Every structure is written in structure tokens, then in C-alpha cells.
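Written below as C-alpha cells is the structure these notes are about.
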Amino acid sequence: METSLLTAPLDQIEADALIVLCFEKEEGAPEPLASIRAEVIQELYQLGEFKGKSLETALLHHPSGLKAGRLLLVGGGKWAKFDASELRKVSGAALRLLKAKGARTIVLALGAGFSTAQHVSAAIEGAILGDYDPDRYKTEHLDERKSVASFAVAVPQAAPGLEEALRRGRIVAESQNFTRDLVSEPANRLTPSVLAGRARQMATDEGLECEVLDRGRMQQLGMGALLGVAAGSEEPPALIVLRYRPAGSVPDSPHLGLIGKGITFDTGGISIKPSENMDKMKYDMAGGAAVLGAMRALAQLKPSIPVTALVPAVENMPSGRAQRPGDIVTTLSGKTVEVLNTDAEGRLILADAITFAKRLGCTHLVDAATLTGAIVVALGYVYVGAFASDEALLGRVLSASKEAGEKTWHMPLDDDYKEVLKSEFADLPNIGNRWGGAVTAAMFLKEFADETPWVHLDIAGTAWLEEAKPFLPKGPSGIPVRTLIRLATNWIP
Ligand code: BES
Ligand code: MN
Ligand code: ZN
């Protein structure tokens, strides 16, 4: 899909469809369109057929006074509450509706109050994200599949920074879709080696350094926790390392480490999961895919902080070679772990990746992982859970998340929770008791981050959309790619 910025008067715009934002009628609310004859719109309001409520739509054909073939009114809700996050959704919902109706060229008109750089970026992001469908493996009606050829944002007047805003929005959304593509791949098509190959290809395309550690190298280094999880699978593990270095970076300045859980399939191992919904466990590499997507964007956006990404990619399988409950592994840090449940595998591979990130010189760590079912119990499908050992880094992550329009909630991480992390035979068990499972998982990771400022994002409830939204299809959400990108681009060392 081509994207562009337009400044032509709306009645001169030629397109299959023109999208116009309409707000709820109230004091001060901007009129939908001063520049075109709006009697039809007024009539819809008067009849109560259209109220301007958030994401409400009305489609008019051959609108008088316009060159566009169709006029789509889309509700923005209360105008005073309308922000870039709302616009992202509106833009996505409008694009999805028009795409389904076969529109090929689409223009979204932004009014005077809503055409800042932030708005332009969000509008483009919404459209590109809304254009995505995880239907790669559907061969039926391939020839009839609808696609949008171009999407333009029309602003009342050109202003400095708007073209750049368009470019940034496109990079961010395309990178988020890169992540969604990886997450939607089934486990037979995306093994740890395939994921490493995709990462390597992306790094070559974008000019990032890439290194992949194989099983032999992990054995040499002593990554016993990661290797323990990998033991049950015929598929060899891979530890993917990508590096972005800004030009002229200063030694001893902050160095961000992004770590993503890359379990390409989680059967639970010997502590096997029930078969119901087990198919979902192909998205257990969503944290890893998010980190790779963020790196793709950062390679183009060029933040001033160095960023290293680490993705331990492993398949968690039961077999004659699989690790057993009760096994004791020695982690890269030297700490020993008693594996009481082989289904608590994410924290094991992350423990070694976190230790390795510190060895590579990362001074600040953020991990993203579909780590626990317990975070879904706590926060549902709405908020990412954030656990932190450092207030300042947490602040950066939360504001990045807010600016990016992704929802993140601060969860507790208190030493009192450590009580349940006691093993009789090793330094640590890999599970706590029944309660507060998302916190004890985070507490386990904290033992490995240790003194290094660290934030853990549990995305088990948010990485996969269980139901389609008007602006997004069911499937991989690409969360928290935008948060990770913002975190790095906002960081001025
Ligand atoms: N990958 C799962 C967590 C998960 C659950 C992700 C639901 C997405 C949706 C993780 O490896 C896991 O199995 N966690 C266990 C931990 C337990 C054994 C302590 C869980 O949450 O049940
Ligand atoms: Mn598991
Ligand atoms: Zn898992």
C-alpha cells in the first residue's frame, strides 16, 4: 500500500473514497467539513442516524460536490477527548471497512486541529496496521482478494515535519506488521532456526549486526537453563543477537538491551499442557518477534542510544531427551535452578539471555515475554503487565507506552514474594505456589537481572487478539513493538 500526504482542497480530491472525521454534536465541536457542502451530513445527524460516536460509520455514494466516489463519515467521539491514539483506531477502522468494500484508493481528511505530526503518524500507523490480515495460508479466492493500492492523509496545509511524520508512522507500522507476520507463523513453519534466519535476513536488509549462537556455543558458555528447555526438541535452539550502534556513541553511556521470549512452540514439555487451545502456543515467541520488529524500526529511525536485542529461540517439547521435573540446571549466572515444572520454561531461557545481555555490556534491560497465564487472570486482554527493579526505567517504559498508544500497567515486585521461591535442593525453584503467578515469574527473572536496571513486560494477554476489533483483525497484535521503539527513540543519553 502506497502512502502519501496531500494538501489539495477536499472537493478536488479524486479517490475511491474520502474519509471524514465527525464528532459528537456539542458546544465547540468542529464541523465535519467546512470546505464541502455538508447538508447530507447534517441530515444524518438530525435524523439521529449518525451521532459521531467513536468508530461509528456512515457511507455515502456519489457525494454531491466531491470528486471522490464515496464519502465515509467516521465517528471520533467527543472532540475534546480525541487524540492521536483515537485517530489511529479511526483510521484503521475506516480502512478495514473500505477495503472490504473494494475501495482501492483512499484519502483520510484531517481537520485543522488534528493535523499535527503526531496525528499524521498515528493516521498512517492505523491504516497500515488495519490493512494487515493474517491470511497468508488461505489459498481460496486468492485472485479475488481485495487490496488497497494507496492511502493518503489530506491536511489543510503543508507544514514542516509532516512528511517526516508520515515516514516515521510508516516505519513503525510496517515493523509492527513484520512482528505480526512472525507471530502468526505456525510452529512447523517457524522453528528456532527459521526465526534466526528471518532475523538475519532482516538485519542484512536494514544494516544491523547479527550473530546467532548455536547449541555448541551455548554449551561452551554454560547456558544450562536455556539448553535444558531445548533438550526435548529435535529442533536445535538459537540465541539471536542483533546490534544497533549509533554513529559516534560515547563509551560508558547507557546501552539498552531488549530481550524477547522466543519459544516457537510451548507444549509444556514433560509437564505437558492440556490439548485444548494448545495450538495457541505458537504465539509464545511474540516477545522475541516484538524485539525483532522494534530493531527493524530502530535501524531506520536511528536513535542516539545503542541497542542490543537478544532472542533466545527454543521449542519446548516432551521426548525421551526432554528435561524432567526435578532436574537441576546450572544457569549462565552460576545460580542453580530446580525445574519443578517444565512448563515454566520462558523464565529459564530468559534467565540465561538476561545474564548474557549484561555480559554484552547492556546497562538497562527490558524484556517482553508471553510469560504467564496469571497475567491474563490479573489484567485480561487489555493491559501489558510491567514489573520493574528500577523506577527511572519504569517511568521511561510507561511514558513510551502511553505515547505509543499501547496500554501498560505497573505491577508489584516486592521481596515479600520471594518467600515462595525456595528450593530444597538448588538456589531457586522455577515456580512459586498457586498465587500471584505473574509476580513470582517476574521475581525469578529479577534474580538474574540483579543490580542492572530492568523492566519485564508480560504480554501473554495482549500479544494475541482473541476477537477482531473494527480496526484490527483477530490474531497477532504486535504489542509491544511501538512501546519498545519509543523507549529507544525518546532516550537521549
Ligand atoms: N507460555 C506460557 C504462558 C502463556 C499462557 C502464554 C497463556 C500465553 C497464554 C508459559 O510458558 C507457561 O506455560 N506458564 C505457566 C507457568 C506455570 C507452569 C507456573 C502458566 O502460566 O500456567
Ligand atoms: Mn510454558
Ligand atoms: Zn511458554
Side-chain angles (χ1 to χ4, degrees), residues 183-184 187 190 192 195 225-226 228-233 237 259-290 311-318 322-327 337-353 367-385 387 411 417 420-423 428-445 456-467 474-477 479-480:
V183 177
S184 68
L190 195 103
L195 183 59
L226 197 165
V229 177
S233 175
I259 302 163
K261 174 175 173 181
I263 294 288
T264 58
F265 197 78
D266 183 12
T267 62
I270 296 297
S271 315
I272 199 161
K273 287 181 181 296
S275 54
E276 197 184 350
N277 292 328
M278 203 203 270
D279 56 296
K280 296 283 302 295
M281 284 302 116
K282 68 174 185 176
Y283 88 83
D284 213 16
M285 35 59 73
V311 179
V314 186
E315 190 182 50
N316 187 23
M317 297 288 274
Q323 76 177 342
R324 295 137 291 245
D327 281 6
V337 175
E338 186 182 10
V339 181
L340 290 175
N341 189 317
T342 65
D343 196 11
E345 84 297 338
R347 62 198 79 180
L348 294 170
I349 66 168
L350 289 172
D352 281 346
D367 79 72
T370 47
L371 204 64
T372 65
I375 200 68
V376 193
V377 174
L379 300 176
Y381 298 130
V382 180
Y383 274 80
V384 173
F387 302 82
M411 300 287 289
Y417 288 101
V420 298
L421 282 183
K422 294 232 161 71
S423 161
L428 284 167
N430 75 328
I431 52 168
N433 60 15
R434 273 187 70 171
W435 313 113
V439 195
T440 44
M443 214 59 216
F444 178 91
L445 295 179
H456 156 59
L457 300 175
D458 196 333
I459 58 170
T462 45
W464 190 269
L465 271 174
E466 289 293 339
E467 268 173 50
K474 176 180 169 159
S477 67
I479 285 172

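Just so it is clear, the model here is predicted, and its values are computed rather than measured. What you see below is based on every heavy atom in this structure, not just the backbone, and it leaves out hydrogens, waters and symmetry mates. Note that ligands are numbered from 1 as they come in the structure, with each ligand's atoms numbered from 1 the same way.
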- Note on the structure: closest protein heavy atom to atom 7 (C) of ligand 1 is Met281 CE, 3.8 Å

- Item | Atom of Asp266 nearest the Zn ion (ligand 3) (restricted to N/O/S, atom name only) | OD2

- Item | N, O or S atom of Lys261 closer to the Zn ion (ligand 3) than 2.8 Å | yes

- Task: Output the atom name for the N/O/S atom of Glu345 with the smallest distance to the Zn ion (ligand 3).
- Result: OE2

- Query: How far apart are the closest heavy atoms of Asn341 and Ser271, and which atoms are they?
  - Reply: OD1-CB, 3.1 Å

- In Asp284, the N/O/S atom nearest the Zn ion (ligand 3) carries the name OD2

- Task: Check whether any side-chain heavy atom of Thr462 lies under 4.5 Å from a side-chain heavy atom of Val376, and answer yes or no.
- Result: no

- Output yes when the distance from some N or O of ligand 1 to some N or O of Gly373 is under 3.5 Å, and no in every other case. yes

- Contact check, side chains of Trp464 and Ser477, non-hydrogen atoms, under 4.5 Å: no

- Message: Using a plain distance cutoff, I'd like to know if Lys261 has any nitrogen or oxygen under 3.5 Å from a nitrogen or oxygen of ligand 1.
- Response: yes

- Message: Restricting to N, O or S, what is the name of the atom of Glu345 that lies nearest the Mn ion (ligand 2)?
- Response: OE1

- Task: Identify, by name, the N, O or S atom of Asp266 lying closest to the Mn ion (ligand 2).
- Result: OD2

- Between the side chains of Thr267 and Asn316, does any donor sit under 3.5 Å from an acceptor? no

- Query: Got the closest protein heavy atom to atom 2 (C) of ligand 1, with its distance?
  - Reply: Asp266 OD2, 3.6 Å

- In ligand 1, the atoms that come under 4.0 Å of a heavy atom of Ala460 are 6 (C), 8 (C)

- Task: Output the list of atoms in ligand 1 that are nearer than 4.0 Å to some heavy atom of Asn341, sorted by atom number.
- Result: 18 (C)

- Query: Are any of the N/O atoms in Arg347 less than 3.5 Å from those in ligand 1?
  - Reply: no

- Message: Closer than 4.0 Å to some heavy atom of Glu345 - which atoms of ligand 1 meet that?
- Response: 11 (O)

- Which of the atoms of ligand 1 are close to Ile431, meaning less than 4.0 Å from one of its heavy atoms? 19 (C)

- Task: Distance to 0.1 Å, residue and atom name: give those for the protein heavy atom nearest to atom 9 (C) of ligand 1.
- Result: Tyr283 OH, 3.3 Å

- Query: Are the side chains of Arg347 and Ile431 in touch, meaning some heavy atoms are under 4.5 Å apart?
  - Reply: yes

- Kindly indicate whether the side chain of Pro192, heavy atoms from C-beta on, has any atom under 4.5 Å from the side chain of Thr264. yes

- Task: May I ask you to say whether Lys282 pairs ionically with Glu315, meaning some side-chain N is under 4.0 Å from a carboxylate O?
- Result: no

- Is it true that atom NZ of Lys280 has more than 12 heavy atoms of other residues, nucleotides or ligands lying nearer than 6.0 Å? yes

- Would you mind checking if Asp367 and Lys261 are paired as a salt bridge, meaning a charged N to carboxylate O distance below 4.0 Å? no

- Considering only protein heavy atoms, which is closest to atom 10 (C) of ligand 1, and at what distance to one decimal place? Leu371 O, 3.3 Å

- Task: For Glu466, look at atom CD and say whether over 12 heavy atoms of other residues, nucleotides or ligands are found less than 6.0 Å away.
- Result: yes

- Message: So does Gly385 get a backbone contact from the side chain of Asp458, meaning a donor-acceptor N/O pair under 3.5 Å?
- Response: no

- Message: Please check whether Asp343 reaches ligand 1 - meaning an N/O of the residue sits under 3.5 Å from an N/O of the ligand, judged on distance alone.
- Response: yes

